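Working notes, beginning with the structure itself.
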Amino acid sequence: MTLHRLMISHFRNITTADLELHESFNALLGPNGSGKTSLLEAIYLLGHGRSFRQPLIASIIQHGKPALALHGRLEQKDAWHKIGLQKSRQGTTQIRCNGMDSRSIAEITQLLPIQLITPESLLLLTGPAKYRCAFIDWGCFHQNPEFLAVWNRVRRSLQQRNALLKSVRHYDAMQIWDQSLAPLAHQISDWRSEYCNGLQPYLSAIWAKLLPDYSLSCEFQPGWEAMDYQQLLFQQFPRDCALSYTRLGPHRANLSIRTAGQPIEIRLSRGELKLLLYGMRLAQGAFFTQQTGRHCLYLLDDFPAELDQQRRQQLIACLQEISGQLFASALDKQHLSDLLDKKGKLFAVKHGTITLLD
């Protein structure tokens, strides 16, 4: 998949932009606050229907404007697609795909697979388990067309179960809900486990290049003990009632990453964690390409931050091998000089104005 054209209207400090993009590499240069991250955010919003920076849509619509609008022209396996997204201050969203209204952002998300790395992305490694669960679910969503519908059913069932836990005091009243929830939970766990097993060789290969001094392992944890989930829910019912929520289950899934038997945040420096993070995103993109024959977009914000020269060169060597469209922001051209050796386009961003440089 390649994003050939991007149009932006009334998004943060970008009043309007109409960009013809390079299929391989697009560099975004400019000082802090110029709009580089906003451009990456616009691409992400177009593909996901939400921002990676701000949950309140009204705050990213330009002051005094009723709505923001994003449009893209994509190429996928010699087929062209036009996608569009409009969000208003009142919270309404309009999605268009190939001239037709769409009710779900998932249709566009399937067309525009994105790997995002920002300074805040280290939460994938150091934050709560929900970030690593979301990482797994990105792969499951693109691997299995049924995953999203089943996972949404699981989440609704868990919400209903948690509501009942506040009033039910005998398990007989809960049993019918658990009988419905348990097989869905096992299906989600099986899909996640299968995905992590397939991803493992790609992680190992790129981690060996980026962090050769460490022996790293990752293990999928489903969120409950290795037993029938309905039986576990029965056993945990008194405790869940006391807590008023379901403590164990697929919503507690995790990916445990360790080195020498210890958590990575104990053994690795912040710069090494950054390399580990890049490795996870690049490995996931490579696995996606192998499975589907399609390519990801890679959005790299503040590319060289917290990386010394040696680590930067290790990472650049891996980036030069990827199959996909790359967007990277930096303060000046020198930070991206090695990546600019590959064919691409260079954009200067200043006060929300984006200019193509020679």
Side-chain angles (χ1 to χ4, degrees), residues 52-53 114-143 189 191-226 248-288 290 296 298-322 324 326 328:
F52 62 78
R53 299 166 69 189
I114 293 173
Q115 294 290 344
L116 171 72
I117 302 176
T118 73
E120 294 75 31
S121 294
L122 279 179
L123 286 171
L124 174 60
L125 301 176
T126 61
K130 65 178 182 179
Y131 292 101
R132 291 174 293 283
C133 186
F135 172 82
I136 298 169
D137 287 352
W138 184 97
C140 292
F141 168 78
H142 286 285
Q143 183 182 65
S189 184
W191 280 334
R192 286 171 171 169
S193 178
E194 178 185 359
Y195 177 76
C196 290
N197 288 337
L199 179 64
Q200 178 65 58
Y202 293 84
L203 289 172
S204 298
I206 198 164
W207 283 344
K209 294 178 181 179
L210 293 174
L211 295 160
D213 295 333
Y214 292 94
S215 177
L216 294 154
S217 66
C218 66
E219 177 187 2
F220 170 65
Q221 299 172 338
W224 76 91
E225 299 172 8
L248 301 175
H251 55 298
R252 299 294 298 273
N254 194 8
L255 189 65
S256 175
I257 307 172
R258 304 174 73 85
T259 179
Q262 293 184 312
I264 51 173
E265 58 267 30
I266 294 177
R267 295 293 302 273
L268 273 63
S269 69
R270 187 171 175 87
E272 289 168 334
L273 286 172
K274 194 76 175 284
L275 284 182
L276 185 70
L277 169 67
Y278 270 97
M280 291 182 69
R281 291 300 186 188
L282 295 180
Q284 189 171 60
F287 185 35
F288 170 82
Q290 186 275 329
C296 290
Y298 297 86
L299 309 182
L300 315 181
D301 190 27
D302 197 15
F303 167 69
E306 303 178 51
L307 296 178
D308 57 30
Q309 184 63 26
Q310 179 182 353
R311 292 188 179 119
R312 193 178 305 150
Q313 291 304 317
Q314 289 174 306
L315 177 56
I316 286 172
C318 291
L319 288 172
Q320 289 174 332
E321 296 177 359
I322 68 169
L326 177 64

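If you're wondering where the values come from, they're calculated on a predicted model, not measured in any experiment. The analysis underlying the following values was restricted to heavy atoms, covering all of them including side chains, and did not include hydrogens, waters or symmetry mates.
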Check: In terms of side-chain geometry, is the basic nitrogen of Lys209 or Glu321 positioned less than 4.0 Å from the acidic oxygen of its partner?
Finding: yes
Next item on the list: Indicate yes or no: does Glu272 engage Arg267 in a salt bridge with an N to O separation below 4.0 Å.
Entry: no
Margin query: Please identify which of these residues, Leu277, Leu255, Leu268, meets the side chain to side chain contact (heavy atoms under 4.5 Å, CB included) condition with Leu125.
Written below: Leu277
Between the side chain of [X] and the main-chain N/O of [Y], is any donor-acceptor distance below 3.5 Å?
| X | Y | result |
| --- | --- | --- |
| Arg132 | Gly127 | yes |
| Ser121 | Thr118 | yes |
| Asp308 | Arg311 | yes |
| Arg192 | Pro250 | yes |
| Ser193 | Ser189 | no |
| Arg312 | Leu307 | yes |

Using a 4.5 Å cut-off on heavy atoms from C-beta on, say whether the side chain of [Y] contacts that of [X].
| X | Y | result |
| --- | --- | --- |
| Leu300 | Leu319 | yes |
| Arg270 | Leu122 | yes |
| Asp301 | Ile117 | no |
| Leu275 | Gln314 | yes |
| Ile114 | Cys296 | no |

Of all heavy-atom pairs between [X] and [Y], which one has the smallest distance, and what is that distance?
| X | Y | answer |
| --- | --- | --- |
| Ala253 | Phe220 | CB-CE1, 4.1 Å |
| Cys218 | Trp207 | CB-CH2, 4.4 Å |
| Gln143 | Trp191 | OE1-O, 4.4 Å |

Notebook entry, point to check: Would you call the rings of His142 and Phe288 parallel, tilted or perpendicular if under 30° counts as parallel and over 60° as perpendicular?
Noted result: perpendicular
Margin query: Parallel, tilted or perpendicular, judged at 30° and 60°: which one describes the rings of Phe303 and Tyr278?
Written below: perpendicular
Atom pair [atom1]/[atom2] of [X] and [Y] - distance to nearest 0.5 Å:
| X | Y | atom1 | atom2 | value |
| --- | --- | --- | --- | --- |
| Glu219 | Ile257 | CD | CD1 | 11.5 Å |
| Leu282 | Ile206 | CG | CD1 | 4.0 Å |
| Leu216 | Leu203 | CG | CG | 9.5 Å |
| His251 | Trp224 | NE2 | CH2 | 10.0 Å |
| Asn254 | Lys130 | CG | NZ | 13.0 Å |
| Leu199 | Ile136 | CG | CD1 | 9.0 Å |

Check: Between the side chains of Gln284 and Tyr195, is a donor N or O closer than 3.5 angstrom to an acceptor N or O?
Finding: yes
Got more than 12 heavy atoms from elsewhere within 6.0 Å of [atom1], [X]?
| X | atom1 | value |
| --- | --- | --- |
| Arg252 | CZ | no |
| Gln262 | CD | yes |
| Glu265 | CD | yes |

Check: Going through the checks in order, is the side-chain contact (heavy atoms from CB on, under 4.5 Å) test met by Thr259 and Ser217?
Finding: CA-CA 6 Å; Thr259 179; Ser217 66; over 6 Å; no
